[in-house]
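What you see is a predicted model; the values in this text were computed from it and never measured.
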Amino acid sequence: MTEVPRSLRPPPDTAARVEDLRRMIGMLGLPVAAGSGGARRVGGPGATAVAGILDEIDQTVMARRLLFQNDRDETLTMDVRNRRLLRADLGQLGQLDGTGQCETALLTYAGADDLAALKAALERFCAEGELRVSTTPPSRNTGLEETGVSVGLLRQALSHADDPTRAVTAAAGGQVQRFCSDCAPMVTAWVLDGDGGPVSVHGDREFAARLADVVSAYVEAGGADPDEPANALLLTSAEVTVGTLGFFAEHGTVAAVAIPPGQVDAVLSLWTALYRPASA
Amino acid sequence: MTLMEHLSRLHREIPSCREVVYGDLDSGTVLRAVGDSDLRQEDHDARLSEAVACLGPLPTRLFGHVFGVDASPETLSSATLAESGSTSVFLRPEGASGDVICVTVAPTTSVADVGAILQQTSLVDD
């Protein structure tokens with residue numbers, strides 16, 4: 001009887017995803033709660049309002065712009081697509097910290113600083129009263145490389161930021177993205193987010209399409225368990241002119257990376273530099 | 001040099017080496033193993049099972065798809081599995097189809113160093 005390694009175990013139970021889908025279908029059937037100016041009530045204050053914002057993102061497939069307004073007539077604009085937050089325009093909220101640095105946050109790589117700034121702004125925005133939301137078409141086209149942040153990562157970051165374990169988890173998927181960005185000059189990579197959402201692509205897009213196929217197969221085989229810490233699997237042929245195929249995963253986010261001959265050590269060094277300090 | 005002497009030498013010379021297992025991929029059988037004193041036969045069996053999975057049909061098929069090469073059982077010559085607590089290198093020795101050497105080291109050990117020692121030792125003994 002052989003034991004399958006953790007990186008290749010069967011996929012985890014999908015019951016939670018099915019339950020999410022049922023909940024979303026149920027919400028589609030609910031009557032719209034009309035507020036002033038045609039806007040819908042989101043709820044609030046505090047955590048209820050934040051949860052309402054996250055639900056709006058969670059229910060978004062086609063690109064749209066969400067305009068939130070609180071009882072103080074402050075506004076918050078979010079560009080969302082495919083259950084991901086692409087851009088948050090914090091408006092006057094960004095000026096409240098006195099620096100003016102976070103007026104607009106482009107959330108492509110889910111950096112810990114971006115998430116912390118967003119959390120602080122949302123706490124101020126949702127502190128009192130109820131929120132209302134209205135929807136408009138997206139005001140601009142977004143590129144494939146503009147991946148944004150998944151709603152799953154946002155829920156972790158905004159709900160559990162005070163829990164150090166959760167904070168590490170929230171930043172983890174971004175670390176895989178960062179790793180691939182660092183490797184980009186050397187490799188072709190396809191990164192699949194832990195929520196199964198859109199991807200980021202590095203290098204030749206035509207070649208990367210092959211990586212898209214294999215990363216899906218790898219995830220289906222259980223190679224990207226959300227509960228697993230960082231792991232990497234590198235596959236090499238005896239034929240020296242053929243490259244190395246690598247799978248780099250952490251907490252459900254997985255990257256398939258095609259590494260040219262002679263670059264494996266450099267790529268692995270970048271990976272270990274990111275993860276070894278935390279795991280040693 | 002006997003196979004056990006060969007494995008003992010690898011265990012001694014590779015930095016922070018935890019175990020060296022020699023096994024048969026087809027049957028999933030450990031033929032010989034050398035490791036730290038706290039490791040048991042079950043640990044060696046588990047390591048070989050990882051080698052079977054990492055060099056098995058699914059990874060081979062994925063590799064063949066990406067690089068456009070035939071996905072035969074001998075397509076993959078080696079696999080490296082890096083986890084938080086350890087790194088394992090699974091290498092098919094040249095001329096020994098179906099066999100595999102599994103080397104497990106501390107996560108801080110350079111995989112390039114492991115590969116170099118494996119190759120060097122193999123060349124000397126051949």
Side-chain angles (χ1 to χ4, degrees), chain A residues 1-9 188 190 207-218 220-223 228-250 256-261 264-269 271-272 275-280, chain B residues 23 25 27-30 42-43 45-72 74-95 97 106-116:
Chain A
M1 183 74 179
T2 58
E3 181 179 336
V4 177
R6 283 181 292 178
S7 59
L8 292 173
R9 280 178 187 165
T188 302
W190 184 284
F207 185 59
R210 299 186 191 181
L211 296 172
D213 298 335
V214 302
V215 80
S216 297
Y218 186 75
E220 287 171 9
E228 286 296 327
N231 66 74
L233 174 62
L234 298 175
L235 305 172
T236 305
S237 162
E239 177 54 61
V240 294
T241 57
V242 177
T244 292
L245 174 61
F247 294 98
F248 299 86
E250 184 172 31
V257 182
I259 309 167
V264 176
D265 293 341
V267 170
L268 203 52
S269 294
W271 176 257
T272 54
Y275 288 104
R276 288 296 183 247
S279 57
Chain B
L25 285 169
S27 64
T29 306
V30 173
E42 291 88 335
D43 299 307
D45 291 340
R47 197 64 61 207
L48 186 65
S49 296
E50 288 186 339
V52 170
C54 291
L55 295 170
L58 174 63
T60 301
R61 184 169 54 82
L62 301 184
F63 185 91
H65 179 77
V66 168
F67 294 111
V69 296
D70 289 338
S72 69
E74 286 78 33
T75 296
L76 295 176
S77 63
S78 71
T80 301
L81 183 62
E83 298 180 297
S84 57
S86 65
T87 299
S88 296
V89 176
F90 309 115
L91 176 72
R92 291 177 188 267
E94 281 186 35
S97 177
T108 49
T109 301
S110 161
V111 171
D113 289 348
V114 174

Inset, instruction - Carefully, step by step, assess A:S237 and B:F67 under the rule side-chain contact (heavy atoms from CB on, under 4.5 Å). - result: CA-CA 10 Å; A:S237 162; B:F67 294 111; over 6 Å; no
Inset, instruction - Under 4.5 Å heavy-atom distance to chain B, tell me which part of A:L235 shows up: side chain, backbone, both or neither. - result: both
Legend entry - Contact origin within A:F248 toward chain B - heavy atom pairs under 4.5 Å: neither
Legend entry - Separation between CG of A:L234 and CZ of B:F63, rounded to the nearest 0.5 Å: 11.0 Å
Legend entry - Interatomic spacing from OG1 in B:T87 to CG in A:L268 - rounded to 0.5 Å: 7.5 Å
Legend entry - side-chain hydrogen bond (donor to acceptor under 3.5 Å, both in side chains) partners for A:T236, two or more places apart: A:T244
Legend entry - Option that, when pairs with chain B are counted at under 4.5 Å, heavy atom only, ranks first among A:G246, A:A238, A:A209: A:A238
Inset, instruction - Specify which of A:G243, A:A258, A:A217 makes the most heavy-atom pairs with chain B at under 4.5 Å. - result: A:G243
Legend entry - Which atoms of B:V69 approach chain A - backbone, side chain, both or neither, heavy atom under 4.5 Å: side chain
Legend entry - Contacting moiety of B:V66, where chain A heavy atoms sit under 4.5 Å: both
Inset, instruction - Name all pairs fulfilling the side chain to side chain donor-acceptor pair (under 3.5 Å) condition that reach into residues 55-67 of chain B, sequence neighbours left out, sorted by first residue then second. - result: A:D213-B:H65
Inset, instruction - Give the member of B:T75, B:L76, B:L48 that has the highest number of heavy-atom pairs under 4.5 Å with chain A. - result: B:L76
